Amino acid sequence: MEFAGAPVEGVGEGGAAGDVLDKIFNNIMKSNSIFTNRDALRNDYIPDRILFRDDEIAQLGQMLAPILRGNKPSNIFLYGKTGTGKTVVAKYVMRKLGERISQLKLNTKFIYVNARLASTQYKVLVELGSQLDISIPFTGLSLSEASSRIFDKLRRDGVNVVLIFDEIDYIVKNYDDNVLYELTRANNELLGGNFVSIVGISNDLKFKEYLDPRVLSSLSEEEIVFPPYTVDELEAILRDRVKMAFRPGVVSEAALKLCASLAAAEHGDARRAVDLLRVAGELAEREGSEEVSPDHVTRASKSIERDRTYEVVRSLPLHAKLILAAALSVPDETNTGRLYSNYALMAKRLGIEPLTQRRISGILSELDVLGIINAPVVSSGRFGRSKRIRLAVPRDAVARALREDELISSIL
DNA sequence: ATTCCACAGGAACGAGCGGGGT
DNA sequence: ACCCCGCTCGTTCCTGTGGAAT
């Protein structure tokens, strides 16, 4: 995993395998590793000091402060594109507030749930339950049974809850807002004097449209919008992290600037900037280089994309892979109809019954969301409307992942 | 101004899985 | 033992539609 796709210097130059290993191990063991604290670059790292988000932190703190007096705070919504600091700010405030709460011995709990990981209504309840020490089997119960177990326990113990609901748009888009409705309703009907407050976090502003108006009005009593970081801000953030993570002087100014500008091009995504820095650092270290150069950053950028593509494609279900195999066999772009007949042919050649075109159309939309293909709907007037389909990632990375599948590799 | 292609994408439904509570 | 549950992945049937051609 660590070494996926990264050729090790010196392999295949006639040296014994032992030499290669020695070199790798020596690089790792060298006391003067270029890193001093690699964890500061992990994407779940929460620094003690968060730059350029003072206002947001203050606002959120203000909104949640009533907790300290045992009052119910408003439900809050945090909006902003990926990598604009929503999650860090929420977790940071949660940590600080948590310290006060335990000092004051209040019976209030913070719960953090990520809807991308708990991606169904039921899984959300299971996750909620597990953080509250309520056992809910991972399948079998009805939704109402599961939620009443939770609310019963909360009422019995007199616990207040602040639920931080990250990437909340995931459940709402795929299901409906039942769970949210239940949770917002909880205060009025299900809990005596206790409260459940929700801090919802979403990358997608349009997601409001999916919400039932009743849920929307009670869920979004307060809002904080997170603007994207500018290049200058990204640079400052990176400089801060570099100080924590690397030995002084290891990361060149040019490399840092390149990380910032690459991430700024992606709507000011700080997480991407930090990822880039980390992978570039690992690349440099693996090569025994004393410096992280712009070249390392460029290569890191490519390797991140390739690795991601490879992982995503590899874990796709069979028919999605077949579609990609069909897509690989055309040089540039196709549309749904042509790709479908191509796919159906390949499937039959493998002795697999092809799925319907309706289903394939759906899978194409899913692949579009995953970023593996680009599939906008275009109209060719008299010649109908269809998706214009082209690969959005390097062909060789797709091909490499597909060849891993025994069935599919037999037809290239 | 109409027509009409080649689909898009919603809705309803069902099989199959991995499990409940009583 | 019984009938229950949520969820995924698929089908069938369906109505809707941008814009070149007429």
Side-chain angles (χ1 to χ4, degrees), chain A residues 113-130 132 134-153 167-183 204 206-207 209-212 312-327 330 333-348 350-370 372-390 392 405 407-408:
Chain A
V113 176
N114 187 320
R116 199 191 329 214
L117 307 176
S119 56
T120 70
Q121 306 186 62
Y122 193 85
K123 283 181 190 164
V124 168
L125 293 176
V126 170
E127 182 60 32
L128 226 61
S130 85
L132 291 165
I134 303 163
S135 77
I136 296 175
F138 73 92
T139 173
L141 298 189
S142 67
L143 285 169
S144 56
E145 173 65 23
S147 60
S148 70
R149 281 193 192 187
I150 289 173
F151 291 126
D152 283 351
K153 163 98 172 176
E167 313 204 50
I168 197 169
D169 37 321
Y170 266 73
I171 1 120
V172 179
K173 273 181 202 164
N174 295 331
Y175 300 89
D176 39 39
D177 38 28
N178 275 339
V179 170
L180 295 180
Y181 180 64
E182 288 279 318
L183 288 169
D204 182 5
K206 277 183 301 181
F207 129 89
E209 294 163 15
Y210 300 94
L211 281 179
D212 182 306
V312 170
V313 172
R314 206 166 60 106
S315 58
L316 248 28
L318 176 65
H319 289 280
K321 285 182 180 169
L322 273 173
I323 292 167
L324 286 178
V330 295
E333 63 180 40
T334 356
N335 59 36
T336 306
R338 284 208 297 273
L339 185 59
Y340 180 72
S341 46
N342 209 331
Y343 147 84
L345 229 64
M346 288 178 115
K348 281 181 188 140
L350 291 173
I352 299 168
E353 194 57 32
L355 304 179
T356 56
Q357 182 161 331
R358 175 70 188 85
R359 181 65 190 125
I360 296 311
S361 172
I363 293 177
L364 285 171
S365 299
E366 289 165 26
L367 290 173
D368 192 5
V369 171
L370 283 172
I372 301 295
I373 62 172
N374 242 315
V377 183
V378 295
S379 173
S380 313
R382 202 64 207 261
F383 307 108
R385 277 168 99 237
S386 179
K387 291 186 166 94
R388 177 158 45 75
I389 300 155
R390 49 155 43 112
D405 189 298
L407 245 179
I408 291 176

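Protein chains get the first letters and strands the later ones, always in sequence-line order, with residue 1 at the start of each. Fair warning: this is a prediction, and the values are worked out from it, not measured in the lab.
Salt bridge annotation for A:Glu366-A:Arg359: present, with a cationic side-chain nitrogen under 4.0 angstrom from a carboxylate oxygen. Looking at A:Arg149 and A:Glu145, a side-chain N of the basic residue comes within less than 4.0 Å of a carboxylate O on the acidic one, giving a salt bridge.
Rounding to the nearest 0.5 angstrom, the gap separating the OG1 atom in A:Thr120 from the CD1 atom in A:Ile171 is 9.5 Å.
Between A:Leu324 and A:Ile372 the shortest side-chain heavy-atom distance falls below 4.5 Å. Residues A:Lys387 and A:Ser365 meet the side-chain proximity criterion, which asks for heavy atoms closer than 4.5 Å. Looking only at side-chain heavy atoms (C-beta outward), A:Leu318 and A:Ile408 come within less than 4.5 Å of each other. In this structure, A:Ile360 and A:Leu339 have side chains that are not in contact, with every pair of non-hydrogen atoms separated by 4.5 Å or more.
Both A:Ser386 and A:Arg382 sit near DNA chain B, but only A:Arg382 has its closest nucleotide nearer the 5' end.
Evaluation of atom-type donor-acceptor distances gives a pair under 3.5 Å for the side chain of A:Thr139 against the base of B:dG18.
For the pair A:Asn335 and B:dA6, the criterion of a side-chain N or O lying under 4.0 Å from OP1 or OP2 is not met. The side chain of A:Lys387 contributes no N or O atom lying less than 4.0 Å from OP1 or OP2 of B:dC7.
Across the protein-nucleic acid pair, A:Leu125 atom CG and B:dG20 atom P stand 16 Å apart, rounded to whole Å. The distance between atom CZ of A:Arg388 and atom C1' of B:dA8, rounded to the nearest whole Å, is 16 Å. Separating the CD1 atom of A:Ile389 from the C1' atom of B:dA6 is a distance of 13 Å, rounded to the nearest angstrom. One interatomic measurement links the two molecules: CZ of A:Phe383 to C1' of B:dT3, which rounds to 13 Å at whole-angstrom precision. If you take CD of A:Glu145 and P of B:dG20, they are 13 Å apart, rounded to a whole angstrom. Between A:Glu366 atom CD and B:dA8 atom C1' there is a gap of 15 Å when expressed in whole angstrom units.
Listed nucleotides: B:dG9, B:dC4, B:dG21. Nearest to the side chain of A:Leu141: B:dG21. For A:Phe138, counting side-chain heavy atoms from C-beta on, the closest listed nucleotide (B:dG18, B:dG21, B:dC7) is B:dG18.
Here chain A contacts DNA chain C (any atom closer than 4.0 Å to a heavy atom, that is under 4.0 Å), and the contacts span C:dC5 to C:dA21 from 5' to 3'.
Between A:Leu322 and A:Met346 the shortest heavy-atom distance is O-SD, 4.4 Å.
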| said: Under the criterion side chain to side chain contact (heavy atoms under 4.5 Å, CB included), I'd like the reasoning laid out for A:Ile352 against A:Leu407: C-alpha separation, chi angles, the key distance, then a yes or no. | reply: CA-CA 10 Å; A:Ile352 299 168; A:Leu407 245 179; 4.0 Å; yes
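Listed in residue order, the members of residues 352-364 of chain A having a heavy atom less than 4.0 Å from DNA chain C are A:Leu355, A:Thr356, A:Arg358, A:Arg359.
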